[in-house]
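Beneath this line is the structure, given in structure tokens, with notes to follow.
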Amino acid sequence: MGKIKITCEEATTICSKAQYGEATLLEKIKLNFHFTYCKVCKVFSKQNSKLSTMCCMVKKQRELSKCCLSEKDKAKLKQQIKELENKL
Amino acid sequence: MSETNIHTLNPDNWIDAYADYLFNYTIARVNDADKAKDLVQETFFAGLKSMKNFEGKASERTWLISILKRKIIDHYRKINSNKGKAEVRMNFYSDGEREGDWIEERVPQDWSGDADAEIETEELGEALQSCIAKLPEKYRIVFEMKTIQGFDTEDICNELDITPSNLWVIIHRARTQLRECMEENWFKK
């Protein structure tokens, strides 16, 4: 793990980890060093951050549309439990 | 020993008391309403069948959750053994002197028209949701647990029986695939 120079694959993996605030200091140093000579990964990194913003939107949308079991489903389940109880 | 410390089971009350709780617990982990319904149903049935094994040490709810957890893990195992093996497109050379470098056609393109104002639109969220749905199931589950549901890395690793480095590889591949999917379906338009 001593080498400072990393491949694009390693760089972008660290970049994804960093999106969750879980990249180590050494990883962040390696990543920023990589950016100094690799513009492609820099573009990737920018888009990866944007992806995180978009994921927050999805998270909000999901929360709004969060469903629970319908009354119909529950009634059916109750019925099934009763039947099974009688059998046991 | 007082009697109050011993928990009892009351199946007639299960649906009203725990159905929503179990369902929400499940949907956070499988994100498929039909599958979640099935798992909750199976949990109640398994609970009924093994009532005689209940020792009253845990609360009714804890006991039901422990059954549900096993059902969810079984579900993951099933996914792992078939669909989960679907291939993810490679983005980097895997050997030779260019190992770890970007493969030319996979290089990120400029996202023109990605003005910040636009990013707030509802359709954008929907486009991403459909890209997430296209991920191989194992990748989707790990990605969603981490990104959408916000579980801790450690919890996901324990629940899915994977190592942290495994988790990051999966997360990264999922994100790379999502980036590409969004580029093709949204930013190129």
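Chain naming here is simple, since letters A, B, ... match the order of the sequence lines and numbering starts at 1 in each. As the structure is a computational prediction, the values presented were derived from the model and not from experiment.
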Show me the side-chain donor-acceptor pairs of residues 154-161 of chain B shorter than 3.5 Å, one per line, residues at least two apart or across chains.
from     : atom 1 : to       : atom 2 : distance (Å)
B/Asn158 : ND2    : B/Glu154 : O      : 3.4
B/Glu159 : OE2    : B/Arg29  : NE     : 2.8

Under 4.5 Å between any side-chain heavy atoms of A/Thr13 and B/Arg173, yes or no? no
Quick one about B/Arg175 and A/Asn48 (side-chain donor to acceptor, distance below 3.5 Å, no hydrogens or angles considered), yes or no? yes
Looking only at the side chains, is there a donor atom on one of A/Arg62 and B/Gln149 sitting less than 3.5 Å from an acceptor on the other? no
Other members of the hydrophobic cluster containing B/Ile103, with the 4.5 Å side-chain heavy-atom rule, please. B/Tyr93
Please tell me if the side chains of B/Phe44 and A/Gln80 come closer than 4.5 Å, counting only heavy atoms from C-beta onward. no
Does B/Glu99 have any side-chain hydrogen bond (donor to acceptor under 3.5 Å, both in side chains) partners at least two apart in sequence or in another chain, and if so, which? none
Atom NZ of A/Lys39: over 12 foreign heavy atoms under 6.0 Å: yes
Any non-hydrogen side-chain atom of A/Phe44 less than 4.5 Å from a side-chain atom of B/Val107? no
With a 4.5 Å heavy-atom cut-off (strictly below), which parts of residues 140-148 of chain B touch chain A? List them by number. B/Phe143, B/Glu144, B/Lys146, B/Thr147, B/Ile148
Interatomic distance, B/Ile15 atom CD1 to A/Leu69 atom CG [nearest 0.5 angstrom]: 8.0 Å
Greatest number of non-hydrogen atom pairs under 4.5 angstrom with chain B, of A/Val43, A/Leu84, A/Ile14, falls to A/Leu84
A/Thr12 side chain near B/Phe92 side chain, heavy-atom distance below 4.5 Å: yes
Any salt bridge linking B/Asp12 with A/Lys78? Criterion: basic side-chain nitrogen under 4.0 Å from a carboxylate oxygen. no
